[in-house]
Amino acid sequence: MIECKSIIKKYGERTVLDIPSLKIEKGERVALTGSNGSGKSTLLKIISGIIPFEGELSTEGKLLYMPQKNIPFDMTVLSNVTFSMTGKRKEKEEKAFEALKKTGLDALYKKNACVLSGGEQARLALARILVLHCDILLLDEPTGAVDIEAEELIEKIISDYINEKNRTLILSTHSPLQAKRLTDKVLMLDKGKIAEDSSSEEFIHSPKTQFGKKFIDMWRVF
């Protein structure tokens with residue numbers, strides 16, 4: 001479970017996030033959506049514990065966070081995956097190969113990860129997650145730098161990983177259709193505040209605010 005109370009994040013005099021109350025139950029799949037600068041990434045960073053904030057936050061279970069920009073280590077693709085793993089080398093490499101096969105990167109295991117394309121680096125970041133245990137998965141626009149074919153693969157990987165042990169998912173995305181495919185609930189942020197809180201189905205077909213309606217219309221999801 002994740003519970004936020006009176007969460008405020010400021011940069012100087014500018015308030016970029018103001019969340020009076022938010023609770024996400026174990027096993028929930030939640031999408032954070034909204035325009036650029038609405039506070040989606042900031043909220044994920046706060047929940048992951050990597051930036052300071054005002055207010056109260058409590059989480060239960062191990063979290064894994066994948067940022068919007070994935071910077072690989074200057075080493076092979078395989079070594080990038082095994083880097084955070086524990087155990088014997090052979091066991092780690094076998095598990096890493098399984099993850100690379102799932103992400104379609106197994107043929108590139110000897111390649112230096114720094115020369116991968118943006119889409120390949122996004123899949124590598126997911127492979128690094130697949131070999132680790134977590135209870136809560138935080139993803140910041142995981143398909144922002146990939147084409148449609150790679151997006152389908154990444155979404156399947158995410159879905160399978162979440163379903164495996166009924167993990168909690170919090171996903172930042174600009175796409176209401178992706179929110180519908182991967183999550184059950186949508187939180188729309190506008191200027192750092194929660195403007196809408198509804199099921200992903202309701203958000204697409206019956207947004208509650210004018211901002212939500214404009215957002216859906218711009219995506220032409222009907």
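Hydrogens, waters and symmetry mates play no part in the numbers below; they use all other heavy atoms, side chains included.
- One finds the CD atom of Gln178 at 5.0 Å from the CD atom of Glu151 (value rounded to the nearest 0.5 Å).
- Using a 4.0 Å cut-off between a side-chain N of Lys or Arg and a carboxylate O of Asp or Glu, Asp106 and Lys101 do not qualify as a salt bridge.
- Atom CD of Gln121 and atom CG of Leu124 lie 7.5 Å apart (nearest 0.5 Å).
- Counting heavy-atom neighbours within 6.0 Å of Ile50 CD1, excluding the residue itself, gives a total above 12.
- Atom OG1 of Thr168 sits about 7.5 Å away from atom CD of Glu28, to the nearest 0.5 Å.
- Between the CD atom of Glu60 and the CG atom of Asp135 there is a distance of 9.5 Å, given to the nearest 0.5 Å.
- Dense packing is recorded around NZ of Lys62, with more than 12 heavy atoms of other residues, nucleotides or ligands lying under 6.0 Å away.
- The main-chain N or O of Tyr161 is found under 3.5 Å from a side-chain atom of Arg167 such that the two form a donor-acceptor pair.
- In this structure, Ser48 contributes its side chain and Lys45 its backbone to a donor-acceptor pair below 3.5 Å.
- A 4.5 Å side-chain heavy-atom check between Leu63 and Leu137 finds every atom pair outside the cut-off.
- Counting heavy-atom neighbours within 6.0 Å of Glu149 CD, excluding the residue itself, gives a total of 12 or less.
- In this structure, Leu44 and Ile46 have side chains that are not in contact, with every pair of non-hydrogen atoms separated by 4.5 Å or more.
- Between Met66 and Glu141 there is no side-chain heavy-atom pair separated by less than 4.5 Å.
- Side-chain N/O atoms of Ser38 and Asp190 include no donor and acceptor closer than 3.5 Å.
- Leu108 has its side chain within reach of Leu105: a pair of non-hydrogen atoms, C-beta onward, lies under 4.5 Å apart.
- In this structure the side chain of Lys208 never reaches within 4.5 angstrom of the side chain of Phe203, judged on heavy atoms.
- Taken to the nearest 0.5 Å, the CG atom of Leu187 stands 15.0 Å off from the NZ atom of Lys193.
- In this structure, the separation between CG on Leu189 and CG on Leu43 is 6.5 Å, given to the nearest 0.5 Å.
- For the residue pair Arg123 and Asn70, no side-chain donor N or O sits within less than 3.5 Å of a side-chain acceptor on the partner.
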Apply salt bridge (Lys or Arg N to Asp or Glu O under 4.0 Å) to Asp217 and Lys213, showing your working.
-> CA-CA 6 Å; Asp217 287 343; Lys213 292 175 182 177; over 6 Å; no
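- Annotation: Lys92, atom NZ; neighbour count of heavy atoms from other residues, nucleotides and ligands within 6.0 Å is above 12.
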